[in-house]
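In this chain, residues are counted from 1 in sequence order. Below, all heavy atoms of this structure are taken into account, side chains as well, without hydrogens, waters or symmetry copies. Whatever order the structure lists ligands and atoms in, that order sets their numbers, starting from 1.
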Amino acid sequence: MENASTPLDEVRANIARAAAIAGREADAITLVAISKTHPADRILPLLEAGQTVFGENRVQEAQTKWPELRERYPAAELHLVGQLQSNKADDAVELFDCVHSLDRPSLVGALAKAMDKADRRVPCFIQVNIGAEEQKGGCALSDLPDLLAQARAADVPVIGLMCVPPLEIEPAPFFALLDKLARDHGLAGRSMGMSGDYETAILMGATHVRIGSALFGDRS
Ligand SMILES: *Cc1c(COP(=O)(O)O)cnc(C)c1O
């Protein structure tokens, strides 16, 4: 079994293949390994294999798992991909290196305050409710210009847009729309694509793919 390829090897190979088809460099795409619900002993093998960027969706869970892991792997980078409550902004700014879920004016205010207090600017993606779904997080498409202007005015660094397209529909048109919105607003980052659709997302311009179950198996 020594040379058996791991899920991480396979995901990396798939990313490289999709990038090649798209005529892009594989290292223009950041693999964010989504380790939510998985304990530290499942995360360690990936760190040992050289994976550096990880994502969690809950501040509290990340606070219990990551300080120790980061002590052992100081190069590890931690991204927040889940909804953030304004009252957790201080904790988030302290713990995370990137936030993918900036979605409303009140959070811009809370993050700006937290970043001022910590004297640390954390790069953010604005999450867009790309399918205009009632239950989904993310700002409405029509609110994006104002939210972006507010973030820029508050010195909250916005590096791109993020989306989670509707389930059970072909995602490519939603990825194309996010790509266009990012271009229209002069943003380089596109956080899109999960275990089921990251190769499509890369073809449509993803710069960050957020992959959980393809790396760790199903979440119980
Ligand atoms: C859980 C999660 C992912 C990873 O999903 P998989 O289908 O397991 O790859 C990506 N993005 C967000 C926002 C998530 O909450």
Undergrad: So for ligand 1, is N57 a polar contact partner (N or O within less than 3.5 Å, distance only)?
TA: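 For ligand 1, there is no N or O atom that lies under 3.5 Å from one belonging to N57.
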
Undergrad: Go through the structure and list residues passing side chain to side chain contact (heavy atoms under 4.5 Å, CB included) with I169, not counting sequence neighbours.
TA: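 With sequence neighbours excluded, I169 shows a side chain to side chain contact (heavy atoms under 4.5 Å, CB included) to P166, F174, given in chain and number order.
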
Undergrad: Using a 4.0 Å heavy-atom cut-off, which part of R219 comes near ligand 1: side chain, backbone, both, or neither?
TA: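 The side chain, only.
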
Undergrad: Side chains of D197 and T200: do they bring a donor and an acceptor to under 3.5 Å?
TA: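 Result is no, nothing qualifies.
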
Undergrad: Any idea which atoms of ligand 1 are less than 4.0 Å away from a heavy-atom of I211?
TA: 9 (O)

Undergrad: What residue and atom, counting heavy atoms only, is the protein's closest point to atom 6 (P) of ligand 1, and at what distance?
TA: S195 OG, 3.5 Å

Undergrad: Are the side chain of K180 and the backbone N or O of F175 linked by a donor-acceptor pair below 3.5 Å?
TA: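 Side chain of K180 to backbone of F175: no pair is present.
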
Undergrad: For atom 2 (C) of ligand 1, which of the options K36, H208, R210, E56 provides the nearest non-hydrogen atom?
TA: K36

Undergrad: Taking only Lys NZ, Arg NE, NH1 and NH2, and the carboxylate oxygens of Asp or Glu, determine whether D41 and K65 approach each other closer than 4.0 Å.
TA: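 Answer for the salt bridge query: no.
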
Undergrad: Specify the protein heavy atom at minimum distance from atom 5 (O) of ligand 1: its residue, its atom name, and the distance to 0.1 Å.
TA: M194 CE, 3.6 Å

Undergrad: Could you identify which residues cluster with V81, counting Ile, Leu, Val, Met, Phe, Trp and Tyr as linked when any side-chain heavy atoms lie under 4.5 Å apart, either directly or through a chain of such contacts?
TA: V32, I34, V53

Undergrad: Just need the protein heavy atom nearest to atom 13 (C) of ligand 1, so name the residue and atom and give the distance.
TA: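 Heavy-atom neighbour on the protein nearest atom 13 (C) of ligand 1: V81 O, 3.4 Å.
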
Undergrad: Are the charged groups of R58 and E61 less than 4.0 angstrom apart, N to O?
TA: no

